[in-house]
Amino acid sequence: MAKVLVVTSGKGGVGKTTTTAALGASLAQSGQKVVVVDFDVGLRNLDLVMGAERRVVFDLINVVQGVAKLSQALIRDKRLDNLWLLPASQTRDKDALTDEGVGTIIEELRTKFDWIICDSPAGIERGATLAMRYADEAVIVTNPEVSSVRDSDRIIGMLDSKTVKAEKGEQVKKHILITRYDSARASRGEMLTIEDILEILATPLLGIIPESQEVLRASNVGTPVTLNSATSAPARAYNDAARRLMGETVTMQVPAERKGLMDRLLGRRAA
Amino acid sequence: MHARAEPARQQVRLRGRSYVAFVFCPVVPIVAWLEEIDATLARSPGFFVGKPVVLDLSAVDLSQSAIAHLVTSLETRNIRVLGIEGVDESHLTTSMPPLLTGGRHCVLEQNKPKPPEAKPKPTSLLLESPVRSGQSIIFTEGDVTVLGSVGSGAEIVAGGSIHIYGTLRGRAMAGVNGNSAARIYCQRIEAELLAIDGYYQTAEQIDATLRNQPAQAWLEGDVMKITPLN
């Protein structure tokens, strides 16, 4: 059965788009038929991270308004046969999205794909609410900072009240994904701990993605991090998260600080 | 045949009167249908007592002995059959209930249970899930109990007291209708703001030593007191 997954956070810049691309590619690599949908109308990025920016002809808004058919707007990934992108419009704004239009598109995508991953824009306005509106599951991307955690809390409240599932009295299945986790700063106590975050959000953890240059490098070359450097720490963490989404039990790895030899020898400086 | 009536005799006066009867419409297999009757009787044993019952056999084709058996089966269940309809008279013997014709359909009056009286309005509100940032719970009729945390940026407004079995990170405003006896209790206090009957304290004013502990807040005159709960 097709699953609609929204990747959301409330706060901007926490890694929603990176996560959408990485999870999408990872699920597609394990044989699932996946479409990633960019809901960030007016500020689209997913096409860049997926490396498909030069192949966009029609977009989500064209389909919502009936200008183009869904099959015309879908872009197939060059690296993975069963990964598709539905880009957002850069020239319009989020008011061009309508509830019925989005509902129709999601229904149509449900018949064609195993996973429909919606990349939500930041904020709690129309774009974000419509991205989560038809979701069955949600990944709430959170950085280990108080501002991000509070925004995530707000988004969880909206997932529990503003979605179609919530209105039917059901629950959207929610997962917390902690990104940009810096083990060195965590060990110095400069970040919220994983326990603190989970205690505040009271929602199960899907994975912990370590802060890494690999993420930036991958998005600069327009490749999901899980494809660009599959053995890197963030890629492995995303792959584990994708397997958990598919229902597998994978032990949770808390990224530990890896110290070099010199650090170990000269780690502590005497006063 | 005497066409003349004897004038000396008192005339027999006939009057018409109609009664409402239950009509049973047995269907084949009769055994299964009898089980249905038994089930009804099991639910309400006195259901057919004292009520006239008519058997409508138009849906089934029964022999004389089968009809006799059916009537006795009902009698053993304390259901007395007043008459039979929908069957050829030749199938009936004199010991059976008489044949009835010309029945008209009518609506049975059932004793419907009276609608329950309007319940008194609840005086407390129980929330079983965490209250998330941005949510506002307003309940001016009485106490609010939260089985979970109240997130930073969430608020609870209650006419009575507020009980939080989790961490209070948001705002709690108790006794908003002028109830100065209302209190605020929480498992862990990290509140942004506490207010009772309009008197408030912000996070800065709350004693730092109380943080992360079970605490309660109440009003003493116009001073808000916050103390640990153990």
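Letters A, B, ... are given to chains in the order of the sequence lines, protein chains preceding strands, and every chain is numbered from 1. Because the structure is predicted, anything quoted here is derived from the model rather than measured.
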*Asks:* With respect to chain B, which residue among A/Ile124, A/Leu201, A/Ile155 yields the maximal number of heavy-atom pairs within a distance under 4.5 Å?
*Replies:*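 Most pairs with chain B among the choices: A/Leu201.
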
*Asks:* Taking every heavy-atom pair that is under 4.5 Å apart, which of A/Val149, A/Ile156, A/Val146 has the most such pairs with chain B?
*Replies:*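 Between A/Val149, A/Ile156, A/Val146, the count favours A/Ile156.
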
*Asks:* Listing needed: what donor-acceptor pairs below 3.5 Å join chain B with chain A?
*Replies:*
unit_1: B/Arg132; atom_1: NH1; unit_2: A/Asp153; atom_2: OD1; d: 3.0
unit_1: B/Arg132; atom_1: NH1; unit_2: A/Leu201; atom_2: O; d: 2.5
unit_1: B/Arg132; atom_1: NH2; unit_2: A/Leu201; atom_2: O; d: 3.0
unit_1: B/Ser133; atom_1: N; unit_2: A/Asp153; atom_2: OD2; d: 2.8
unit_1: B/Ser133; atom_1: O; unit_2: A/Arg154; atom_2: NE; d: 3.4
unit_1: B/Ser152; atom_1: OG; unit_2: A/Arg150; atom_2: NH1; d: 2.9
unit_1: B/Arg169; atom_1: NH2; unit_2: A/Glu199; atom_2: OE1; d: 2.5

*Asks:* Looking at residues at least two apart in the chain, or sitting in another chain, which of them share a side chain to side chain donor-acceptor pair (under 3.5 Å) with B/Thr76?
*Replies:*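 Expected list: none.
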
